[in-house]
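Counting starts at 1 for both ligands and their atoms, following the listed order.
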Amino acid sequence: METEVSVPSFAMPRIGDKAPSFKAVTTQGEINFPEQYAGSWVILFSHPADFTPVCTSEFMTFATREEQFAQVNCKLVGLSVDGLYSHIAWLRSVKEKIEYRGMKNVEVKFPLIEDITMEVARKYGMIQPGESTTKAVRAVFVIDPKGIVRTVIYYPLSLGRNFDELYRVVVALQAADAFGVATPADWQPGDEVIVPPAGSCGVAQERMAGQEEMTCHDWYFCTKKISREAVLDAVLKK
Ligand code: BEZ
């Protein structure tokens, strides 16, 4: 008896992949993604629909924090499967009518892609039929200055994203690149970082004997201090 193998009908960029290219119309004109973002980090994110409350809270939060992301050389690009005129009308309504958690008169200046054909959403695995066949889930792709996907996070329709965490992801990725380290659970700049596992027992023993400036809890778990200032110096755009 033959076993039927189900093959997914959508692509899903994975960590380490080159970000799929596309050209699209946005609220800020046409974009050529990711090529025109070469040299910058970029967060490409999708939201389910314009004129919905969770999305509104997210856009207000992201727009309010856009400058904070810009300071770590990270640009923002949004997408939903709505059309351009819906995007424009929604963002105008957000600016003119919505006051939420101390944010008001919020202008969204980063591009919001129209994707009525779902071409981009499908390319990026943002349509997840078990959740919705007509709306994108809340996807987040963190893409580095070489156009490589470095982090992928998906949230369901009902769950608003945590923007402190998205910022932490960008800073942690940049710190890991700059210092050749990994970052442990809940890491924040100034916390100890993980020194990659030793390549040999000899190296591990040297480490355990304290010949490098690090603390080894066992051969596979060594940490060292990198000051908050050094991390910020490495990640903040000069
Ligand atoms: C919202 O953003 O509030 C939302 C959008 C689609 C489905 C559920 C919630």
Classify the contact between Pro48 and ligand 1 as side chain, backbone, both or neither, using a heavy-atom distance cut-off of under 4.0 Å.
side chain
Do the side-chain N and O atoms of Asp50 and His87 include a donor-acceptor pair separated by under 3.5 angstrom?
yes
Is it the case that the side chains of Trp90 and Thr52 hold a donor-acceptor pair, with the cut-off being a distance below 3.5 Å and no angle test?
no
Any salt bridge between Asp115 and Arg122, counting N to O under 4.0 Å?
no
Mind checking whether Phe163 and Phe69 have ring centres under 6.0 Å apart?
no
Working note: Ile194 + Tyr220, criterion side-chain contact (heavy atoms from CB on, under 4.5 Å); need CA distance, chi angles, decisive distance, verdict.
CA-CA 10 Å; Ile194 307 277; Tyr220 63 92; over 6 Å; no
When only distance counts, is Leu157 in polar contact with ligand 1, meaning an N/O pair under 3.5 Å?
no
Is ligand 1 less than 4.0 angstrom away from at least one heavy atom of Arg138?
yes
Looking at ligand 1, would Ala49 count as a contact under a 4.0 Å heavy-atom criterion?
no
Can you check which of Asp50, Val54, Leu159 brings a heavy atom nearest to atom 1 (C) of ligand 1?
Val54
Atom indices of ligand 1 within 4.0 angstrom of Cys55 heavy atoms, with elements
1 (C), 2 (O)
Please indicate whether any nitrogen or oxygen in Thr52 is less than 3.5 Å from any nitrogen or oxygen in ligand 1.
yes
Taking the six-membered ring for Trp, is the centroid-to-centroid distance between Phe45 and Phe59 below 6.0 Å?
yes
